[in-house]
Amino acid sequence: MVFDLDLIKKTYSEMPAKVDAAKKALGRPLTLAEKILFAHLWKGVEIKDFERGKAYVDFAPDRVAMQDATAQMALLQFDTTGRKKVAVPSTVHCDHLIVAKDESKSDLQKAITENDEVYNFLSSISNKYGIGFWKPGAGIIHQVVLENYAFPGGMMIGTDSHTVNAGGLGMIAIGVGGADACDVMAGLSWELLMPKLIGVKLTGKLNGWTSPKDVILKVAGILTVKGGTNAIVEYFGEGATSMSCTGKGTICNMGAEIGATTSTFGYDESMARYLRSTGRSEVAEAADQVKSYLTGDPEVYANPEKYFDKVIEINLSELEPHLNGPFTPDLATPISQMKEAAAKNNWPTKVEVGLIGSCTNSSYEDISRAVSLAKQVAEKGLKTKAEFTITPGSELVRYTIERDGFLETFDQIGARVFANACGPCIGMWDRMGAEKQERNTIVHSFNRNFAKRADGNPNTLAFVASPELVTALAIAGDLTFNPITDTLTNEKGEQVKLDPPSGDELPKKGFSVEDAGYQAPAEDGSKVQINVKSDSKRLQLLYPFASWEGTDLKGLKLLIKAKGKCTTDHISMAGPWLKFRGHLDNISNNMLIGAVNFFNEKTDSVKNQLTGEYGAVPATQRAYKAANIGSIVVGDENYGEGSSREHAAMEPRHLGVRVVMVKSFARIHETNLKKQGMLALTFANKDDYNKILEDDVIDVVGLTTFSPGKALEVVLNHKDGSSDTIVANHSYNAQQIEWFKSGGALNVIRAAMSK
Ligand code: MIC
Ligand code: SF4
């Protein structure tokens, strides 16, 4: 079945005229990213050469996707807008709440029982508002979107940072907070800072042990975790067209790890093949008709320096397999240098567990290449040294790889197959012994490896690699094993080498599935009742946040000055806390518990300025709230890196934090803070971070004349009676200032809807 074919056809029928008009207005050829953006301008927006990185532009995305851990908040917000139905096709995917422990069937059953209330809420609210619902076990949002909804030249937003995965099928797909999704579902425009453009030219061809994952691992090493902020990465060149569609998805997926707004590839034969094999020949045919509009102009790719803000060139023929980590996805080490790097950094080299799967790497091609290595274990008389697990990305892939005998091969090497879900990737991994907090090494094919992410153990060092390399390292049980050069000793004592992986891009016999796990919404959802029990621990209706009091903010207590990396995992941890994603007050008990306090280097231990005692961050903030005193959070570079979870912005808002002031922000988190009515400020002079002292009481001055482009003043009143006045920049436009004044964007929408 092809979903929303009419929408796709309509997009294609309008695309040529829109793109031609943009070309004419700008008087130059266009990149693919520009074509898609210009084809999705909100009605009435005048086409012009918007200043990249400066201009806020209104867009009309084609669709919205939400996963269960973020959909709860997105839909609780949508529920307050008074709309009868979503304005654009939207879907909900139940993938984040399933704990991986034993094996798929029993794990899934347990999740269904435990999350019953949340799944019922999501299923009925989807039904009510016309939203497609993918049941638990159907698979990971981004895999399911790629298989069913993504289309070349389309534009979508999703409440998950890895929504960008759909760039593999030539979309502009962007991760957002739930409040943004709520806007689009409510029929409003969606605002985005016109992104800068980074071009990545891929020459040569992947071979041997190298895979698409290594392209993005390499790019992450070059650009670092913040190098893609407010930029779209567009891949092109012979290396791009020679790669599979799902491989392109992997590359786009991990663009989230460099902070990129999104990444994309031009429409090509690999995408047409993928569309056809996933039952969407009509989409491929329709795309073929407007082919030249679904890729960048030839002049652009011939002279990329002229059109992109930055160009990177990677020769795939020379690219080495990489391992990135630990603790950050941009610490890139080519496999040939791992022996040295591990020794120098004292990383444990014994690999305890190899894990494959996640939205990054669970395509048919990925699994078939990994299985070609697993087969060699028996053939060459080897024994797999590490534990090995697989989390298939979707039921479609799982069913097909079972049919094709792959699961049996994995079974023979002792692998465990978990449910089609995020599982260990988001800390939903009941790993035996993790509570002992031993220092240990794991390798996985996921995208993120922040501290504690997979198993909650801060001493687990996680390295990110391609599924094929993960499999080889699990077989060898050694992080420094280089399959290109090294041998393994088999059970007969012989030295054997692993043959390079090989596999099929797509299943020869086609994909098949019995029940993909989809539930279509009711034709008329008006009668559907949504019940949220008042004593529920998992769900809580939202109340509107208070509007701005109309004065400068005076006497704010410093809650925490966070030191170093402070991702959304540090601000609002996932894993065991995922169960409270629909209950703002309960989940607020995890606020900033992972952030390192600059003054004592500890996590979850800050000074309560009212008592002078040290206590947990959430409890300290609740004490300020009870005393009706506002507070401020100070942070370092790329604050809020990682996830789209708006809880990281709503929790501080709910508990009475007024300002977050940092050296720099990650894109989604900065928007989330603005949407929730918080003040998100950056130090005009980054060294001023050093002026913030533990007992500071802080004022923000200039709010009565708060306006775009005009800096604010922040006064630090130190305990010894002295004070410092520093300058704080902000990136609020007029609309966003309204959000601040109204106490949050939702209050603005509500007011508009009730008119
Ligand atoms: C993640 O990979 O961190 C998540 C869990 O998918 C998040 C979304 C969430 O926190 O619910 C993301 O990447 O946006
Ligand atoms: Fe799920 Fe992990 Fe993908 Fe996030 S990155 S959507 S947690 S599989």
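Atoms within a ligand are numbered from 1 in the order they appear, just like the ligands themselves.
Regarding atom 8 (S) of ligand 2, its nearest protein heavy-atom neighbour is Cys359 N, 3.4 Å. The nearest heavy-atom contact from the protein to atom 6 (O) of ligand 1 is Asp160 OD2, 2.6 Å. The shortest contact between atom 7 (C) of ligand 1 and any protein heavy atom is with Ser643 OG, 3.2 Å.
In the candidate list Gln67, Arg645, Gln72, Gln67 is nearest to atom 8 (C) of ligand 1, counting heavy atoms. Closest to atom 1 (Fe) of ligand 2 by heavy atom, among Gly427, Gly423, Cys422, is Cys422.
Residue-level proximity to ligand 2 for Arg448 is absent, since no heavy atom of it falls below 4.0 angstrom. Only the side chain of Asp160 comes within 4.0 Å of ligand 2, counting heavy atoms alone; its backbone N, CA, C and O stay farther away. With a 4.0 Å heavy-atom cut-off, ligand 1 is reached by the side chain of Arg453 but not by its N, CA, C or O. Only side-chain heavy atoms of Ile426 come within less than 4.0 Å of ligand 1; its backbone N, CA, C and O stay farther off. At a 4.0 Å heavy-atom cut-off, ligand 2 touches Asn447 through the side chain alone. Counting heavy atoms under 4.0 Å from ligand 2, residue His96 touches it through the side chain alone.
Counting non-hydrogen atoms of other residues, nucleotides and ligands closer than 6.0 Å to NZ of Lys135 gives a total above 12.
Panel note: side chain Glu641, backbone Lys226; no donor-acceptor pair is recorded below 3.5 Å. Listed for the Gln676 side chain is no donor-acceptor partner under 3.5 Å among the backbone atoms of Met678.
Only one option out of Asn165, Asn324, Thr360 pairs with Asn447 in a side-chain hydrogen bond (donor to acceptor under 3.5 Å, both in side chains); it is Thr360.
Taking only nitrogen or oxygen atoms, main chain and side chain alike, Ser161 reaches within less than 3.5 Å of ligand 1. Not a single N or O atom of Thr70, backbone or side chain, sits closer than 3.5 Å to an N or O atom of ligand 1.
Using a 4.0 Å cut-off between charged nitrogen and carboxylate oxygen, Lys101 and Asp107 do not count as a salt-bridge pair. Salt bridge Lys675/Glu646: absent, no basic N to carboxylate O contact under 4.0 Å. Contact check on Glu468 versus Arg369 returns a salt bridge, with a Lys/Arg side-chain nitrogen under 4.0 Å from an Asp/Glu carboxylate oxygen. A salt bridge is defined here as a Lys NZ or Arg NE, NH1 or NH2 lying under 4.0 Å from an Asp or Glu carboxylate O, and Lys565 with Glu637 fails to meet this definition. Salt bridge present: Glu257 and Arg448 bring a charged side-chain N and a carboxylate O closer than 4.0 Å.
Applying the 4.0 Å criterion to heavy atoms of His162 picks out, from ligand 2, the atoms 4 (Fe), 5 (S). For ligand 2, the atoms sitting less than 4.0 Å from at least one non-hydrogen atom of His142 are 6 (S), numbered in the order shown with element in parentheses.
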